[in-house]
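Take a look at the structure below.
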Amino acid sequence: MLCTLWLLLHMLFVHVARTRCHQQMSWENWNGHSQNNRENELDKPSTQPHIIFILVDDQGFRDVGYHGSEIKTPTLDRLAAEGVKLENYYVQPLCSPSRSQLMTGRYQIHTGLQHSIIRATQPNCLPLENVTLPQKLKAAGYDTHMVGKWHLGFYKRGCMPTQRGFDTFFGSLLGSGDYYSHYKCEGAGMCGYDLHEGEEAAWEQDRGLYSTLMYTQKAVSILENHDPRRPLFLYMAYQAVHSPLQVPERYLERYKSIPNIYRRKYAAMVSCLDEAVHNLTLALKRYGYYDNTVLVYSSDNGGQPLVGGSNWPLRGSKATYWEGGIRAVGFVHSPLLVKKRTKCRALIHITDWFPTLVTLGEGTLDEDMNLDGYDVWESISEGRRCPRHDILHNIDPMYVKAKNGSWKAGYGLWNTAIRAALRVGHWKLLTGNPGYSDWVPPQTFSNQMLTKRWHNERVNWDRGKSVWLFNITADPYERSDLSQRYPVIVKKMLMRLAQYNRTAVPVRYPAKDLRSNPQYNGGVWGPWYEEEKAVDSEEEGVNGLLTNHLAKTRPWKKTKKGKVRRMAD
């Protein structure tokens, strides 16, 4: 009996000991496993690359050292040489169109932004139904930051960068402005302050610093305070080198030998920009981003010779559909490139960055997005065949019609009075009025108006024309019009234009809205439009809405520093 009792007690003791040991070991294992997981999760860098997209403003095709410029750009030259130079790369001829296509991966005809730019006084912005690049990257786990120039509309809050996918925004909303004071006038009595932090005026952050330097400092601060183990998208949209021509004096000293003051100032601005990119690159290395970073550099359109830019030997300038207006400086720099130190001659367009970067960032591309861009990463990184075969440069039905254009000149397929440009393979077709078409050799810019300037290569033989055809591969300078020699190719490309046009949405280009005036918004350029309630009485109308809006607006006054602030309620 005692033996049996002892045996039972022994078995109970063993069971309890084993249970406690099992519980203890299980807890220790679980806790250790969990702790290791947490540490591994924190220590393990993301497989998604950091994406730094540098978009500069109005830099001409020749205004970089590696294209033969007299302007010194050692940083850009080195980054391009160590990466992949994009030598068949296209953007749009103006600011807003290029930015809209970068953000959406869609042609202008599919967003309604076919005509001109988005102006500060217009109730217009990048249509809200379009998913943006930062929204897609944010959904893929990226932290998204924007520094610099937006120029995609701001008339209501939903149009602001922080409403379109960016976690933070520091910069300007308009197309241009003073580099130091950050003020901009859009006509008499329409002047305001344009520097923003998020969705508010950045009064407290403004120290009157030159914007190229200020934006770089902000970007470096973002890199310093972000965890490099988390994927980062930084959209660095410099104001430089858009007019007005302003630059710190120390950069001007490098170009005393340039006789033309516009070119001299412009060159100094490019040098300052080059130094800014150098400092940004150093920060990528200092804070642990560089080895897992893809850096893209692009101009938004061609240079403007009237304010010092140069597209030589390309034809035309900013705002035109000649090569000088749309062929851009561009390169990719990254340790992740398979084939470095190469030139990519594949046909690449600014719409391609949307699908390329979203895919690279392990995001998703929905089938119903109807993108016009292609994923060209393998073409850039590995030199593989490019999926892109053509580019619709644009169809602008609102632009001034060509006087001699007609359906007859377009073989009954297309009205050649309409401004349009299309690239298919080696061929480029232009119709309507493509814009100022001369070649402007370097270092010959005078202070006179274009019509009186010397050393321009004047174009007389194409007056009255409304159709041009060029083999861009053989003739990148557009000197030999082949439209009369190859009418069959012209017809095929006109048919292609007509096909594209059938997919176009109506143009968005509303009239000026008086409520946009900064004096009704505390002296600041910013959102002014609010959804109004239905008006019962016809007598109130638009004027009544405007009066009601202004009555609710706080008065404003200038401070001692000349800035404009809202008065307290």
Side-chain angles (χ1 to χ4, degrees), residues 45-55 91-92 96-108 110-113 125-154 157-169 171 198-199 219 222 226-237 289 292-298 300 330 332 334 336 348-381 387-388 505:
S46 170
T47 58
Q48 299 161 288
H50 304 298
I51 299 170
I52 311 297
F53 198 105
I54 301 175
L55 186 69
V91 294
Q92 297 308 110
S96 297
S98 283
R99 292 159 207 274
S100 72
Q101 297 196 19
L102 168 64
M103 287 291 121
T104 66
R106 307 186 74 202
Y107 289 146
Q108 291 163 255
H110 296 144
T111 59
L113 302 177
C125 72
L126 181 67
L128 302 184
E129 63 268 20
N130 289 275
V131 178
T132 66
L133 175 60
Q135 285 173 332
K136 274 294 180 183
L137 291 174
K138 190 173 178 62
Y142 276 75
D143 290 340
T144 58
H145 302 273
M146 179 182 171
V147 178
K149 171 179 167 178
W150 177 237
H151 205 189
L152 285 174
F154 58 89
R157 289 281 176 183
C159 301
M160 297 285 280
T162 46
Q163 301 289 331
R164 304 308 303 271
F166 288 105
D167 294 325
T168 67
F169 166 63
E199 298 178 10
I222 290 172
H226 180 78
D227 184 349
R229 290 170 295 190
R230 287 182 54 83
L232 170 74
F233 172 51
L234 174 59
Y235 175 40
M236 195 72 199
Y289 297 88
N292 190 35
T293 290
V294 172
L295 185 151
V296 181
Y297 183 94
S298 170
D300 67 341
V332 177
S334 174
L336 304 178
I348 294 175
H349 187 245
I350 194 166
T351 54
D352 297 330
W353 295 122
F354 185 104
T356 300
L357 298 179
V358 170
T359 302
L360 199 61
E362 301 178 13
T364 59
L365 296 173
D366 305 322
E367 293 183 2
D368 61 352
M369 294 186 69
N370 298 316
L371 297 178
D372 296 304
Y374 295 84
D375 180 355
V376 293
W377 179 250
E378 291 184 348
S379 301
I380 295 172
S381 177
R388 178 177 285 282
V505 300

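Quick caveat, the model's predicted, so the values are computed rather than measured.
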> In Å and rounded to the nearest 0.5 Å, what is the OH to NZ distance from Tyr235 to Lys149?
Replying inline: 9.0 Å
>> If you compare all heavy atoms of Leu137 against all heavy atoms of Leu357, which two are closest, and at what distance to 0.1 Å?
In response: CD2-O, 3.7 Å
> Is a side-chain donor or acceptor of Asp375 paired with a backbone partner of Trp377 at a separation under 3.5 angstrom?
Replying inline: yes
> If you look at every heavy atom in Cys125 and Gly153, which pair is closest and at what distance?
Replying inline: CB-CA, 3.6 Å
> Taking all atoms of both residues into account, what is the closest heavy-atom pair of Leu234 and Ala219, and its distance?
Replying inline: CD2-CB, 4.1 Å
> What orientation do Tyr289 and His226 show, parallel under 30°, tilted 30 to 60°, or perpendicular over 60°?
Replying inline: parallel
> What residues, two or more places apart in sequence or in another chain, satisfy side-chain contact (heavy atoms from CB on, under 4.5 Å) together with Thr162?
Replying inline: Met160, Phe169, Glu199
>> To the closest 0.5 Å, what do you measure between CH2 (Trp150) and CZ (Arg99)?
In response: 10.0 Å
> Quick one: does Thr104's side chain have a donor or acceptor within less than 3.5 Å of a partner on Ser100's backbone?
Replying inline: yes
> Do you see a donor-acceptor pair shorter than 3.5 Å between the side chains of Asn370 and His110?
Replying inline: no
> Roughly how far apart are Thr111 OG1 and Glu129 CD, rounded to 0.5 Å?
Replying inline: 9.0 Å
> Does Asp366 come within less than 4.0 Å of Lys136, counting only side-chain N to carboxylate O?
Replying inline: yes
>> Can you give me the closest heavy-atom contact between Gly158 and Arg164, atom names plus distance?
In response: O-CD, 3.2 Å
>> Restricting to non-hydrogen atoms, name the atom on Arg106 and the atom on Asn130 that form the minimum distance, rounded to 0.1 Å.
In response: NH1-OD1, 3.0 Å
> Under 4.5 Å between any side-chain heavy atoms of Leu133 and Phe53, yes or no?
Replying inline: no
> Would you say Asp300's side chain and Gln92's backbone share a donor-acceptor pair under 3.5 angstrom?
Replying inline: no
> Is the closest side-chain heavy-atom distance between Met103 and Pro134 below 4.5 Å?
Replying inline: yes
> Is there a donor-acceptor pair closer than 3.5 Å between any side-chain N or O of Thr144 and the backbone N or O of Lys138?
Replying inline: no
> Pick one: which of Thr351, Ile350, Leu55 meets side chain to side chain contact (heavy atoms under 4.5 Å, CB included) with Ser98?
Replying inline: Ile350
>> Which heavy atom of Ala140 sits nearest to which heavy atom of Gly361, and what is that distance?
In response: CB-O, 3.7 Å
>> For the OG atom of Ser96 and the CD atom of Gln108, what is their distance to the nearest 0.5 Å?
In response: 9.5 Å
>> Tell me which one of Ile380, Leu360, Ile52 satisfies side chain to side chain contact (heavy atoms under 4.5 Å, CB included) with Val294.
In response: Leu360
> Quick one: CE on Met236 to CG on Leu295, what's the gap to the nearest 0.5 Å?
Replying inline: 11.0 Å
> When you measure from the side chain of Ser298 to the backbone N and O of Ile54, does any donor-acceptor pair fall under 3.5 Å?
Replying inline: no
>> Looking at Asp352, is its backbone amide N or carbonyl O close enough to the side chain of Arg388 to form a donor-acceptor pair, meaning the two atoms are under 3.5 Å apart?
In response: no
> Going through the distances and angles, do Phe354 and Leu365 end up as a side-chain contact (heavy atoms from CB on, under 4.5 Å)?
Replying inline: CA-CA 10 Å; Phe354 185 104; Leu365 296 173; 3.8 Å; yes
> Checking side-chain contact (heavy atoms from CB on, under 4.5 Å) for the pair Tyr107/His349: CA distance, chi angles, key distance, verdict?
Replying inline: CA-CA 10 Å; Tyr107 289 146; His349 187 245; 3.9 Å; yes
> So how far is it from Leu232 CG to Arg229 CZ, rounded to the nearest 0.5 Å?
Replying inline: 14.5 Å
